[in-house]
Amino acid sequence: EKGGYSSFMAKEIDDQPQAVGDTLLGRTNEKGDLILDDLRIDEATLRTIDKIIVIACGTAAYAGHVAKYAIEHWCRIPVEVELAHEFRYRDPIVTSKTLVVAISQSGETMDTLMAVRHAQEQGAKVISIVNTHGSTIPRESDAVLYTHAGPEIAVASTKAFVSQITATYLLGLYLAQLRGNMFRDEIQAILTELRAMPAKLKEVLDRSEHVREVARSMADATSVLFLGRHVGYPIALEGALKLKELAYIHAEGFAAGELKHGPIALIEEGQPVIIIVPSPRGRDSLHAKVISNIQEVRARGAHTLVIAEDGDTDVEAFADEVFWVPQAPTLMSPLLTVLPLQVFAAELAGAKGLDIDQPRNLAKSVTVE
Ligand code: F6R
């Protein structure tokens with residue numbers, strides 16, 4: 001079943017271009033408009049939604065965190081992202097105009113299921129974004145958007161994550177279409193960009209040998225910090241989670257803007273810092289700000305590993321290593337920048353002789369609270 005790979009995770013990492021492609025498949029009609037068939041919530045209800053709350057755990061929650069940037073930008077609906085186990089035990093403001101989006105690979109995560117029930121009791125409609133057909137969460141939801149990534153066997157989530165991001169984007173564009181937030185042409189242009197992503201994911205994976213070499217050289221690292229901004233921020237969190245889970249190395253992700261508010265005190269000679277650099281073609285000045293962050297940590301002795309877009313020569317002066325990814329619109333970039341982080345964690349764990357499919361103390365689906 002591993003199809004010649006040394007682990008399920010290695011295979012699932014390589015399956016990601018296909019997973020994103022499959023998530024996109026069959027979602028438009030002959031006119032090119034989005035049709036999300038399994039969304040059994042009537043359009044009138046979806047038009048009245050005044051808030052979205054994404055509930056999920058772990059990697060699925062980071063997918064939700066990415067989705068917030070896109071959906072608020074496209075639909076102008078406030079989006080909150082909350083860990084399912086926190087949502088359920090406070091007193092969240094949920095009404096019949098709240099749309100809850102539950103994201104789960106397994107569809108069986110107890111914390112997420114309980115949060116779904118909690119939301120429904122308060123009159124919210126629930127759409128679940130799930131990978132596993134026939135699982136409990138979609139059965140109890142008002143509607144489901146399956147990710148179609150195929151079975152994910154390795155405990156650490158990889159292809160489910162990129163599919164979850166893709167599915168939330170389809171949902172965001174669908175809501176924008178339904179609610180008239182965007183012109184048809186704009187939606188079509190974004191769909192075209194999305195359809196170009198699988199080939200770009202493949203390109204990143206084809207370049208992964210450099211990431212592997214660097215990862216192997218870092219097998220005795222004891223702490224790695226991850227910095228990102230905008231959609232790169234949840235990717236920094238995800239990169240840190242992968243490294244903790246697989247390689248048992250202390251890792252922490254930060255919003256790059258937080259650096260000077262505390263975390264920079266951690267930087268000492270030799271501290272590895274992985275930085276996800278926003279596109280220099282982005283509209284605002286985020287690129288320059290993150291370049292300054294690289295400079296700041298490098299000046300204090302950090303070993304800087306940088307993920308940057310092809311052609312971004314600004315990073316070279318301050319990077320010890322650069323992992324290049326193809327150019328893509330900012331909102332699409334998480335689908336690319338997460339890949340080197342997955343490869344890095346898997347390779348480093350492998351270099352330590354660890355079982356990357358079955359990390360200690362973890363289960364594939366957490367069916368207890
Ligand atoms: C991380 C990981 C976990 C899951 C989380 C949610 O690699 O696998 O953090 O993402 O337990 O699981 P699902 O998506 O099945 O609800």
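All values derive from a computational prediction rather than experimental measurement. Read the numbers this way: they start at 1 and go in the same order the structure lists the ligands and their atoms. Numbering of residues begins at 1 and proceeds along the displayed sequence.
- In terms of protein heavy-atom proximity, atom 15 (O) of ligand 1 is nearest to S106 OG, 2.7 Å.
- Scanning Q342, K244, E245 for the heavy atom closest to atom 7 (O) of ligand 1 points to E245.
- Using a 4.0 Å cut-off between charged side-chain N and carboxylate O, K159 and E152 make no salt bridge.
- The side-chain tip of R207 does not point at the ring of F323 from less than 6.0 angstrom away and within 45° of straight on.
- Nearest protein neighbour of atom 14 (O) of ligand 1, counting heavy atoms only, is Q105 N, 2.6 Å.
- The shortest contact between atom 4 (C) of ligand 1 and any protein heavy atom is with T59 N, 4.1 Å.
- Expressed to the nearest 0.5 Å, how far OG of S128 lies from CG of L145 amounts to 8.5 Å.
- Note: Y233 and H65 meet the aromatic proximity criterion, with ring centroids under 6.0 Å apart.
- Considering both main-chain and side-chain atoms, Q164 never comes within under 3.5 Å of ligand 1 through any nitrogen or oxygen pair.
- Judged by the shortest distance from any of its heavy atoms, E108 lies outside the 4.0 Å radius around the atoms of ligand 1.
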message: Does Y5 form a side chain to side chain contact (heavy atoms under 4.5 Å, CB included) with I13? I'd like the steps, not just the answer.
response: CA-CA 11 Å; Y5 285 90; I13 286 176; over 6 Å; no

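- Under the side-chain contact (heavy atoms from CB on, under 4.5 Å) rule, V273 has a single partner from I267, L266, L259, L305, which is I267.
- Nearest protein heavy-atom contact of atom 16 (O) of ligand 1 is T109 OG1, 2.5 Å.
- Between S365 and ligand 1 there is no heavy-atom distance shorter than 4.0 Å.
- For the pair V155 and ligand 1, the shortest N or O to N or O distance falls below 3.5 Å.
- An N or O contact shorter than 3.5 Å is missing between K364 and ligand 1 by distance.
- Note: H148 and H133 meet the aromatic proximity criterion, with ring centroids under 6.0 Å apart.
- Closest to atom 11 (O) of ligand 1, if we only count protein heavy atoms, is V366 CG2, 4.4 Å.
- The shortest contact between atom 6 (C) of ligand 1 and any protein heavy atom is with C57 O, 3.4 Å.
- Distances between N or O atoms of T112 and those of ligand 1 include no value under 3.5 Å.
- With a 6.0 Å radius and a threshold of 12 heavy atoms from other residues, nucleotides or ligands, R216 has its CZ atom above the threshold.
- Of the possible polar contacts, one joining the K364 side chain to the A154 backbone as a donor-acceptor pair under 3.5 Å is found.
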